[in-house]
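Below is one structure, written out as structure tokens; comments come after it.
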Amino acid sequence: MNGREGGFALELSGISKAFGPVRALDGAHLALRPGEIHALLGENGAGKSTLVSIAAGLVPPDAGTIRLAGKPMAFRGPRQARRAGIALVPQHDLLVEAATVADNLAFLDPAAPFLESRRARRERVARVASALDLDVGPPDARVGELPVGTRQRLEVAGALLTDPSVLILDEPTAVLSPDETAALFRALRARASTGKTVLLITHRLAEVFAAADRLTLLARGRTLREAAVGETSAEEIGALLLGSAEATERTGAPEREAPPADAPPAGGVAVDGGGGGTGPSPALALRALRPRGSAAPPVDLAVAPGELVVLLSIDGNGADDLAGAAAGVREAEGSIEIGGRKVRPGDPLAYRRAGGAFIPSDRRAEGLLPDLTLAENLLLRRPPGGLLVDRAAMAATAADRLARFGVRATGPDARAGELSGGNQQKLLLARELEPLPRVLTAIHPTRGLDLAASADVRARLLDAAASGAGVLVVTADPEEAQAFGRPIRVVYRGRLSEPLPSGTPFEALGRRMAGLAA
Amino acid sequence: MRPLQAAAVAAGTLAAAALLVALAGASPLAAARALLDGALASPAALGETFARSTALVLTALGAVVAFRSGVLNIGLEGQLLAGAAAAAAVGPAVGNLPFIGRLAVLLAAALAGAAWVLPAAWLAERRKVPAVLSTILLNLVAAAGVTWLVRGPLRDPAGDYPQSRPLADALVLPPLVPGTRATAAVVVAFALAALAAVVLGRTALGLKLRAAGLSPRAARAAGLDDVGLRTGAFLASGALAGLAGGLEVLAITARLYDPFSAGIGFTGIAAALLGGMAPAGSAVAALLFAALGAGSSALQRDAGVPSALASVVPALAVLGLLLARGRREAP
């Protein structure tokens with residue numbers, strides 16, 4: 001912290017930033033040395049993106065100082081930061097899809113003249129590609145038609161046009177294949193060896209320990225750990241990360257003891273073998289399924305009736321996409337079968353018709369209709385009544401289900417948007433679990449819920465499995481995965497591990513999630 | 001919209017209109033009196049108001065059905081023209097059997113209105129072209145189409161003006177009360193408003209339409225066919241506007257001429273906005289705008305105020321409404 005090594009390339013100290021009532025950063029510290037690859041780690045919401053946005057002049061800090069090569073700076077905007085030598089490659093590229101590679105690179109070049117011939121633009125592409133040894137695609141190709149890896153290299157090349165002293169990359173490997181990742185890291189290492197600094201935001205510990213020199217770990221807006229990679233271990237950092245994840249995921253205080261897992265009685269009707277009676281065909285079978293646009297390998301996965309499978313992964317490793325593809329809300333290639341019946345990928349209605357139910361990760365945007373009443377949300381697909389909806393029957397059915405699923409609300413006519421997160425999730429369960437589906441896909445079903453509500457949701461999912469449904473659950477929390485007491489499959493970069501027993505130690509799960517064990 | 005806010009919008013609209021009248025060199029009070037006389041004071045005036053409300057109510061319903069399902073159909077004007085053109089084409093051909101003839105005319109009008117939606121619906125769902133753009137452009141195509149039809153294929157060879165052949169007298173709807181222009185078309189429009197209110201508010205279909213309009217993504221994830229719902233509502237919206245055009249021909253004009261509509265489809269959208277995107281409120285707002293239109297000729301005659309001023313009022317009301325809503329929804 002004292003610059004004893006003869007000065008930092010960039011040092012941010014005492015940085016605080018609040019967005020309304022949310023304290024994104026609270027005295028955070030980040031110091032980068034010349035010639036190093038530095039990794040910035042932290043869970044979702046730890047403040048990584050805010051911190052680099054401040055460094056790149058996109059967001060002004062509330063408090064704290066920024067020193068570039070020892071000189072205090074106060075950026076009034078990203079252009080100024082760029083001119084001073086700090087370039088940021090955003091997580092999702094900001095390229096113009098309808099324009100060509102040559103045009104995009106010209107847009108990214110602050111030195112580009114106001115008027116420039118097409119030839120000059122094409123020549124820039126050739127120059128950059130050879131100087132940086134980056135394949136940025138053919139100059140006349142439209143960016144919208146390029147693969148994500150190429151688009152990202154193009155964005156990196158654009159950032160390097162000014163030869164910045166500090167290059168910041170926000171989650172550059174999230175969309176890359178292992179080969180592309182290796183190539184990117186080679187290019188970054190070459191850059192660091194010339195005395196320039198690279199700051200890398202990543203979730204993936206394996207990458208940090210393979211490619212970075214030093215690391216900074218943020219948790220809830222503060223710097224938790226700064227270390228050289230050699231001074232620490234993946235185990236230590238993994239434990240710190242997971243510890244901070246739990247703290248952020250479970251902010252709500254538990255109101256009561258978690259109920260015992262011997263689930264409450266729900267309308268459990270055993271599923272009769274279903275599709276054709278040719279033995280026990282799986283409730284859900286994915287064959288060579290691959291979400292469209294994903295760099296991950298195709299996946300095979302089967303969930304038997306009565307079985308609950310937990311997919312455990314850090315966000316961005318493709319578990320959400322895979323589950324979304326299984327439920328038809330994401331376009332995908334490959335085959336999906338439900339109860340032995342083929343279901344067209346990318347068609348949520350076909351998934352529903354085959355007996356599928358779905359709990360999306362974003363319950364407000366994709367799960368519920370916040371402006372409709374609880375009763376309307378529950379009975380959206382088949383409201384009771386004939387020509388006209390039977391409102392009395394609708395209210396009665398809804399009230400009954402709300403009571404059985406423990407949704408606390410003023411009544412069936414309340415708006416879904418007025419409920420707390422836990423009650424919204426219970427409402428979704430009440431809609432999706434009755435009548436009992438053949439298969440249920442649930443993505444982060446307990447995210448943001450307090451302990452009691454989480455335990456209740458888990459009990460409902462286990463109960464659905466006990467009644468004969470096949471259940472596929474995605475979670476990012478190893479403790480949650482263990483709590484189901486069912487086989488766990490860790491997803492890392494789209495690849496599934498073999499089923500692990502639920503008793504697998506926490507640390508072992510963490511290592512696999514970070515890609516440290518095959 | 002809260003009552004207080006509605007009152008504020010109404011007061012603001014009146015104040016702005018009074019200011020414009022004063023600027024035109026007339027007394028606002030005299031103008032208001034002339035307006036009310038022209039719109040309400042006699043059976044003929046009242047009949048004129050109701051007659052004018054027909055097409056406004058139907059296009060407002062078209063806007064409500066589309067907007068509530070998540071489709072911004074700005075092409076009601078063009079769909080109305082398509083309906084009127086179809087009515088004027090079919091009308092003279094069906095002879096003078098009142099029941100069958102009228103049914104055929106109205107069916108043709110509704111189908112033509114829906115057909116005018118088809119390209120926009122296809123572009124929206126298959127090519128992600130915003131319906132706002134495609135329907136606005138189709139308005140221009142429809143207006144040009146009417147211009148061509150009345151000078152070309154549909155031109156009445158007996159007349160001096162570019163207009164279509166008239167419908168048989170037996171087909172044209174008679175006034176409900178002699179001496180007025182109000183016909184059964186008015187009843188049809190308000191009956192459809194009641195039907196739309198029931199369908200949207202009380203049926204399973206209405207619930208699904210509203211869900212698809214509020215969040216296509218959530219509706220789809222919940223297993224609703226959002227594309228089908230949206231497309232169906234879009235076509236129904238076009239059919240309502242087409243019917244408005246057909247009834248205009250059947251009840252009032254008996255033929256097609258150019259220009260046929262002075263922005264009825266747009267005033268209908270204004271009525272739907274002012275009516276809170278609910279069928280009942282929109283019908284009331286449409287009636288209000290129709291009264292303004294009916295009173296506007298008296299405005300010129302009795303108060304010396306340009307009648308065009310009356311058509312400014314709906315625009316002022318909608319601007320006031322958007323202003324009030326914008327204030328509420330700003331963070």
Side-chain angles (χ1 to χ4, degrees), chain A residues 19-20 323-324 327-331 346-373 375-394 415-417 424 427-428 431-432 435 437 441-443, chain B residues 1-2 64 67-71 125-130 133 191-233 236 276-281 325 328-331:
Chain A
F19 296 104
V329 294
R330 267 212 65 152
E331 295 287 336
D347 183 352
L349 306 185
Y351 170 78
R352 293 266 174 194
R353 274 195 301 274
F358 178 50
I359 296 183
S361 60
D362 188 343
R363 55 183 157 262
R364 284 190 67 89
E366 195 169 13
L368 295 171
L369 289 140
D371 293 325
L372 295 184
T373 69
E376 287 172 331
N377 266 289
L378 279 176
L379 298 164
L380 191 56
R381 277 190 295 279
R382 235 167 279 111
L387 204 54
L388 297 185
V389 170
D390 184 343
R391 282 179 179 170
M394 191 159 165
R415 308 237 162 251
Q424 286 183 347
L427 180 68
L428 258 182
R431 186 180 82 191
E432 297 300 319
T441 307
I443 306 179
Chain B
M1 194 165 51
R2 286 163 298 183
V64 169
F67 282 43
R68 290 290 288 271
S69 322
V71 182
E125 299 300 343
R126 290 293 155 85
R127 290 288 180 269
K128 302 222 183 311
V129 177
L133 296 180
L192 281 174
L195 182 68
V198 171
V199 169
L200 271 180
R202 298 291 311 273
T203 65
L205 177 65
L207 174 60
K208 291 174 186 178
L209 282 176
R210 285 186 282 132
L214 286 168
S215 169
R217 192 164 157 231
R220 193 166 161 74
L224 299 187
D225 177 9
D226 66 320
V227 174
L229 288 165
R230 234 177 0 252
T231 306
M277 283 298 155
R325 209 190 273 165
R328 192 184 56 200
E329 281 166 14

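Chain identifiers are assigned alphabetically (A, B, ...) following the order of the sequence lines, protein sequences preceding nucleic acid strands; residue numbering begins at 1 within each chain.
For residues 191-201 of chain B, no residue pair satisfies the side chain to side chain donor-acceptor pair (under 3.5 Å) rule, not counting sequence neighbours. Screening residues 198-213 of chain B for salt bridge (Lys or Arg N to Asp or Glu O under 4.0 Å), with sequence neighbours left out, gives A:E376-B:R210.
Using a 4.5 Å cut-off between heavy atoms, A:L388 contacts chain B through both its backbone and its side chain.
By number of non-hydrogen pairs under 4.5 angstrom with chain B, the leading residue of A:L387, A:L428, A:L369 is A:L369.
Within the 3.5 Å criterion, the main-chain N or O of B:A222 finds a donor-acceptor partner in the side chain of A:R381. No donor-acceptor pair closer than 3.5 Å links the side chain of A:R382 to the backbone N or O of B:A204.
Taking 4.5 Å as the limit, some side-chain heavy atom of B:L214 sits within range of a side-chain heavy atom of A:L372.
Qualifying side chain to side chain donor-acceptor pair (under 3.5 Å) partners for B:R230, counting only residues two or more places apart in sequence or in other chains: B:E125, B:D226.
For residues 353-366 of chain A, the interface with chain B (any heavy-atom pair closer than 4.5 Å) comprises A:F358, A:A365, A:E366, sorted by residue number.
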